[in-house]
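Each remark here refers to the structure printed beneath this line.
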Amino acid sequence: MSTQKRLFLLDAYALIFRGYYALIKNPRINSKGMDTSAILGFTNSLLDVIKREKPNHLAVAFDKGGSHIRSEAFPEYKSNRQETPEAIKIAVPYIHKILEAMHIPIIEKEGFEADDLIGTLSKQAEKEGFQTFMVTPDKDFAQLVSENIFMYKPSRMGNGIEIWGIPEVQKKFEVERPEQVIDYLGMMGDAVDNIPGLPGVGDKTAKKFLKTYGSMENLLANTHELKGKMREKVEANKELGLLSKQLATILLDCPVQFHEKDFELNHPDFNKTAEIFKELEFRRIAESLPKIFESFPSHKNQTQQQKESSSTEKSQTSATSHQFDLFSTIDIEDSSENNLNYKTTENSNHFYQFVDTPFSRKLLLKKLITQKSVSFHIETIGANSFEADIIGVSFSYEKGKGYFVNLSGDKENTKEILEEFRPFFENKTIEKIGHNIKYSIKVLYNYAIKLKGNLFDTMLAHYLLNPDMRHNLDVLSETYLNYKPTSLESLIGKKGKNQLSIRKIELKKQANFTVEKADLTFQLKQFFEKDIAKLNLKKLYVNIEIPLLRVLASMELEGIRLDADFLNSLSEKLIEDIQNLENTIYKEANIEFNLASPKQLGDVLFEHLKLVEKPKKTKTGQYATGEEILSKLAPKHKIVKEILEWRGLVKLKNTYVDALPNDVNKKTGRIHTTFSQAVASTGRLSSNNPNLQNIPIRTERGRQVRKAFVPRNENYTLVSADYSQIELRIIASLSNDKSMIESFNRGEDIHASTAAKIYGIPLNEVTREQRSDAKAVNFGIIYGQGAFTLAQQLNKSRAEAKELIDSYYKTFPTLKQYIANQIDFARENEYVETISGRRRYLKNINSQNAIVRSGDERNAVNAPIQGSAADIIKIAMIKIDTLLKEGNYKSKMLLQVHDELVFDMHNDEIATLKPLIIKEMEHAFEFSVPLTVDLGEGQNWLEAH
DNA sequence: TGTTCATT
DNA sequence: AATGAACA
């Protein structure tokens, strides 16, 4: 491992600003009334770096007097920066004092910016064999990254630090070399630093240009290859482009000198630091400072980071392991791709064993069934569980160790071997750990093996811990274990005709690849189990998400029958209607063209027919023919309405009528959707392949599709049960709004009743329009919408919408209060939660940027409501599933559509089950408002709904 | 890759 | 507000 010397250079102002704005919503004020946010923020970052990295060399760079060179070149440079806030101005002298007391060198030079100082020093240190880490949140520094120079982005509220080396920069900026970041910044500009950039070029275009031209200069030399407006703009601004690039370039020749000795990190003068921290009232920091340096010899040249625990992990071989074919060393063929920051299979110790004989399998099974908890992974080809082909199964019950059961034979052979492991899978006392266990259950189902015992699913665990992040095993391993798993691509090659099948690669590579997953899953579980408990998510996890996974697996396996013949005849009718519409349209337009092409359509509408004086254009210079535009134009010419109808029909045909029959499974003859349990950040499920949660219902034409969803045979009936107004009931109950609760208790039509209240009229005098307005406002409330969105939706003016909302709040004051409380809670905690404690993090709720912030404010209202509704139906599903299983019913639950459950019910059971299902759904959770369920039945989904 | 449109 | 799928 590397014992290279490491230098940390901190960008003072950037860290100070960051610290200050992080706390802007509740600034730290000490007893003397002084705002210490900026000082605290900076000090925390500094100590965090020292604590984590234990650097031998460290310094802090400040700007002084602005950049003379840049201001000469471009007088407006950085003039856009807001006036420095008071708290930051007073912070600087204190930070100087702290640094002096800590014996940390301060680097500043009149007329130079910290960027330039850091840049110059990094390059000098590199020559002397140092690894330099530039500690800053500022992406501009990416241009300096090299093999030995890294960006070290300090942690933001629990997000962990990020270290950018060359690969990260290549990825973030989509460039080949870090220097190209200069070109990127030059092209795109930077509003904060007032670097103008090329007009009309943003992030996307800059990246595109860099891919084609590689540099600003080369782009400017080849502008003749550009098209249209872009060409004009770029050609007219060549000067500006070159200047921008100059402004974005960090200088590497400042008058500073790197002397190793001057940058050594020593113990602070604890007396002095204590004094300063006391004055600032930083009690926790004052206490922790000596501890940080305790384990920190003041002059030690050994780097502590990355010290692999190679010595401790060598306690490998178990008593029986020599019986197995084993391989514990992997050839290291290519370390160029090897990322310094992550551990990989190549640079870390592990002990994975290959199991391929009856005897070794017997031994393995014997070991497995004596464990309390085992992680497993089934590696397959093909995502469809019914046709999936198993490569092998891996197990792990100890960090870094695992077993691969090879299943490279034919189906029969696979079945026989898996059968040997039935005692493990069906053992009720062994906990099974997996990543996306639902998939494993479905695969095992093909071999009639059930997965019994307690389950721990790392994907679902992480979904509860961080609902809006990604939950791939790869990402999780990288963030929690600092380990980069072997990518499938590195084994079988990039997508394309040269891609191998995983079966074609060496068996030991297959094994390593598969065992690694079980190993990592096992390790992740140890983290997540603790975190779940810490955040009070255990009940939600154990009582809802985990049991639900089994329920969903059976629903997916069950599938729903589709009447494909019906859809085919529907398709034929649609073809006819589409054809007729097309003819009418061509006749009215007096020209034949391609209706499907927005370009041609725009030309016909606005040039040929001249429907409107000054037609709107899109960014690309074409006429805009979007839904919104056309709807407005509808009164101008009946052709517009026909075009809209045509579009609707084509869409209907392509997305549903013609597509669904292709999704019928060959083996079962039914449609098996996949429910994703870890996708929607609010806690809802989502459905794909195909999506059965967005089958049309609103238009007469569209809803016909529902007729194609039918019971399995003539002895069955489709039954649909849906919650009525569940979201409004939840908000009424959570806010405890008396007036709304009473409306529900009286069983009134809630939208009409809302209308009566806001217009101050009797319930029976509410007009249809008033009711529909009230309905829109009710929805608006659920979504946390403002006047603007509501106005758009109701086709009213902003003022009218505002008035509507105001009178709504006036009639439901408690509701308004609830919303305000919800937002306050979010501001304070940066998350909101549902009735069962499901969290949604809103880290932008305190953002400076009003647009981002109000997005999170809407979510602060919407997420708990949508999420609580999701919690409730999940509980109901688990209860109903138990009921159906325990009662040995033939009837099956098939689908969930957010507030609706669809069943394939045996005719003999309908009378018994109906009331039971209603009861389970209505009492899944007790509120101060009754939950009510409407239930329908029929020979297809349309009739049942 | 973004836009449009289906659902709740 | 939040999904997924089709299409240009």
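The structure presented is a predicted model; accordingly, all values stated were derived computationally and were not measured. Proteins come first, then strands; the chains are lettered A, B, ... in the order of their sequence lines, and each starts at number 1.
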inquiry  = Base, sugar-phosphate or nothing for A:L652? Non-hydrogen atoms, less than 4.0 Å.
reply    = nothing
#### Entry: Exercise: do A:E748 and A:S753 side chains pair donor with acceptor under 3.5 Å
yes
Between CG of A:L595 and P of B:dT4 the distance, given in whole Å, is 17 Å
Separation of B:dC5 atom C1' from A:L644 atom CG, nearest Å, is 12 Å
Closest to the side chain of A:R840, out of B:dT8, C:dA2, B:dG2, is C:dA2
Between CG of A:D663 and C1' of C:dA5 the distance, given in whole Å, is 11 Å
inquiry  = Does C:dA1 have OP1 or OP2 under 4.0 Å away from a side-chain N or O of A:R858?
reply    = yes
- With distance as the sole criterion, is a donor-acceptor pair present between the side chains of A:R729 and A:T932 under 3.5 Å? yes
Picking from C:dA6, C:dA1, C:dA5, the nucleotide nearest the side-chain atoms of A:A659 would be C:dA6
Among the nucleotides B:dT7, B:dG2, C:dG4, whichever has the atom closest to the side chain of A:N688 is C:dG4
Out of B:dT8, C:dA2, C:dG4, minimum distance to the side chain of A:N691 belongs to C:dG4
message = At 4.0 Å (heavy atoms only), tell me whether A:R703 reaches a base, stays on the sugar-phosphate, or touches nothing.
response = nothing
* A:R698 side chain near B:dT7 phosphate (N/O to OP1/OP2, under 4.0 Å) -> yes
A:N778 atom CG is separated from C:dA1 atom P, nearest whole Å, by 17 Å
task = Could you tell me whether the phosphate oxygens of C:dG4, OP1 or OP2, come under 4.0 Å of any side-chain nitrogen or oxygen in A:S686?
result = yes
A quick test of your reading: do over 12 heavy atoms of other residues, nucleotides or ligands sit less than 6.0 Å from CZ of A:R231? yes
Just N and O in the side chain of A:S681: are any of them under 4.0 Å from OP1 or OP2 of C:dT3? yes
Tell me yes or no: between the side chains of A:D934 and A:S724, is some donor less than 3.5 Å from an acceptor? no
**Asked** Are A:E558 and A:H672 close enough that a side-chain donor and a side-chain acceptor fall under 3.5 Å?
**Response** no
- prompt: Is the phosphate of B:dT1, meaning OP1 or OP2, less than 4.0 Å from a side-chain N or O of A:K208?
  reply: no
When rounded to whole Å, the CG to P distance for the pair A:N694 and C:dT3 reads 14 Å
Check: Does A:N862 put a side-chain nitrogen or oxygen below 4.0 Å from OP1 or OP2 of C:dA2?
Finding: no
A:A680 has its side chain closest, among C:dT3, C:dC7, C:dA5, to C:dT3
Taken to the nearest whole Å, CZ/A:R706 to C1'/B:dA6 is 10 Å
Tightest non-hydrogen contact, residues A:H751 and A:A774, listed as O-CB, 3.4 Å
Taking B:dT8, C:dA6, B:dT7 as options, the one with an atom nearest any side-chain atom of A:P696 is B:dT7
| said: Looking at A:R684 and B:dT8, is any side-chain donor or acceptor paired with a base atom of the opposite kind under 3.5 Å? | reply: yes
Under 4.0 Å between any heavy atoms, over every strand shown, what does A:I695 touch: base, sugar-phosphate, or nothing? Just pick one.
-> sugar-phosphate
From the candidates B:dT8, B:dC5, B:dA6, the one with an atom nearest any side-chain atom of A:K651 is B:dC5
A:L660 CG to C:dA5 P, in whole Å, measures 11 Å
Between CG of A:L692 and P of C:dT3 the distance, given in whole Å, is 18 Å
